[in-house]
Amino acid sequence: MTQASNQAVLEAVAVTAGHGGKAILHGLDLRVHRGEVYALLGANGAGKTTTLSLFLGFIAPSAGHLRVNGADPVANPASARRHLAYIPENVALYEHLSARENVAYLLDLAGQPELDGTIDAALLAAGLAPAAHGQRVGRFSKGMRQKVAIALALAREVPALLLDEPTSGLDPQATAEFNRLLGVLRGRGVAILMVTHDLLSAADVADRIGFIGGGRLAEEVAATGPERFDVRALHRRYATVEAAS
Ligand code: ATP
């Protein structure tokens, strides 16, 4: 982990939030630093996607506060989103446009028109073969779509990336390739918050793993030593937190 300044890019402090008056999170504290991959695990309905929605400014907390690279997603959601890339479980792209055209269009929407060669460089860095850059995305696999979304995040040079269940439905090879890409982003100093049920992938790529349960962070484990994580112990914890929440 390259936490040079130990600066939290994504920060949730004592956050209470929910939907339609029903509280889902009760005092969530979570920080993701520059150059850190953080995997957030927890039972179905525990509030993982709700946490992402808070950072995106889609919902507001009833207590506590959030920051995205210093921006407040409640007071100024547009500013917070400028610092973020968000990759949902199923990446939505314009089917009739090519990979290159999708990135160009979405960059333009983000108010950052293309500089010469940026897009092809980003697509290449995201692992998309040059032959695919000009192909329509309509027939792209889930893994290829994610690469287009990652290329957009690379081209936008955002300090924070949010991912919702990125490896669900990916085969082991595509998962390994995806984890390698997260390593590239981490190397560029991006703070990455990944919601997942994929404990193996989390153990493979994350610097820290947090388990959400009972509306807060029930456990947090950091990678240490050459083995990084004890996956069996993590699995036991995961099952316990799931059962308790
Ligand atoms: P999963 O692993 O199943 O994706 P999760 O941890 O991401 O779960 P959330 O999607 O954050 O869970 O949902 C938390 C709770 O809030 C669930 O009970 C869900 O039904 C409820 N919820 C989520 N979105 C809304 C919404 N827009 N309106 C009402 N309730 C919602």
Side-chain angles (χ1 to χ4, degrees), residues 10-32 36-68 72-74 77-78 80-81 84-92 142-143 145-146 149 153 160-171 174-175 178-179 182 191-221 229 231 234-245:
L10 294 168
E11 186 174 39
V13 180
V15 164
T16 295
H19 305 276
K22 184 182 168 218
I24 303 296
L25 300 173
H26 310 267
L28 177 79
D29 285 304
L30 177 70
R31 284 172 187 80
V32 187
E36 179 179 37
V37 179
Y38 191 110
L40 189 61
L41 280 79
N44 292 129
K48 302 178 300 295
T49 301
T50 301
T51 303
L52 299 186
S53 300
L54 284 157
F55 283 117
L56 285 157
F58 293 161
I59 60 169
S62 54
H65 71 263
L66 299 118
R67 291 291 179 272
V68 179
D72 181 346
V74 177
R81 286 177 209 148
L84 277 177
Y86 168 52
I87 304 188
E89 186 176 350
N90 294 303
V91 173
K142 173 169 174 168
R145 285 165 187 273
Q146 283 183 329
L161 176 63
L162 305 179
L163 299 147
D164 203 349
E165 301 195 21
T167 57
S168 84
L170 289 189
D171 66 44
T175 298
F178 183 79
N179 288 345
L182 291 192
I192 300 167
L193 176 59
M194 169 171 88
V195 161
T196 186
H197 288 292
D198 185 347
L199 185 56
L200 272 183
S201 171
D204 213 25
V205 74
D207 299 298
R208 280 191 297 156
I209 296 177
F211 296 97
I212 199 167
R216 62 184 70 211
L217 216 51
E219 281 271 3
E220 200 171 63
V221 194
F229 292 102
V231 177
L234 281 179
H235 186 260
R236 278 195 298 273
R237 278 191 180 107
Y238 191 17
T240 317
V241 171
E242 293 228 340
S245 61

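Order of appearance sets the numbers: ligands from 1, and atoms from 1 within every ligand. Hydrogens, waters and symmetry mates are skipped; everything else that's a heavy atom, side chains included, is used. For clarity, every value in this text was computed on a predicted model and none was experimentally measured. Residues take their numbers from the sequence shown, with the count starting at 1.
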**Study point:** All side chain to side chain donor-acceptor pair (under 3.5 Å) counterparts of Ser168, not counting sequence neighbours
**Key:** Glu89, Lys142
For residues 10-26, which side-chain N or O atoms pair as donor and acceptor with protein atoms under 3.5 Å away, sequence neighbours left out?
residue: Glu11; atom: OE2; partner: Arg31; partner atom: NE; Å: 3.1
residue: Thr16; atom: OG1; partner: Gly27; partner atom: N; Å: 3.3
residue: His19; atom: NE2; partner: Thr50; partner atom: OG1; Å: 3.0

Practice item. Measure across Asp198 and Thr196 and return the closest heavy-atom pair with its distance rounded to 0.1 Å. Key: N-OG1, 2.8 Å
Check your understanding: So which protein residues pack against ligand 1 under 4.0 Å, heavy atoms counted?
Key -> His19, Ile24, Ala43, Asn44, Gly45, Ala46, Gly47, Lys48, Thr49, Thr50, Glu165, His197
Check your understanding: Where do Val32 and Ile192 come nearest, in terms of heavy atoms and distance?
Key -> CG1-O, 3.6 Å
Practice item. Using modelled atom types only, decide if a donor and an acceptor are shared between the side chain of Lys48 and the backbone of Ile212 within a distance under 3.5 Å. Key: no
Review point. Who passes side chain to side chain donor-acceptor pair (under 3.5 Å) against Arg216, sequence neighbours left out?
Key: none
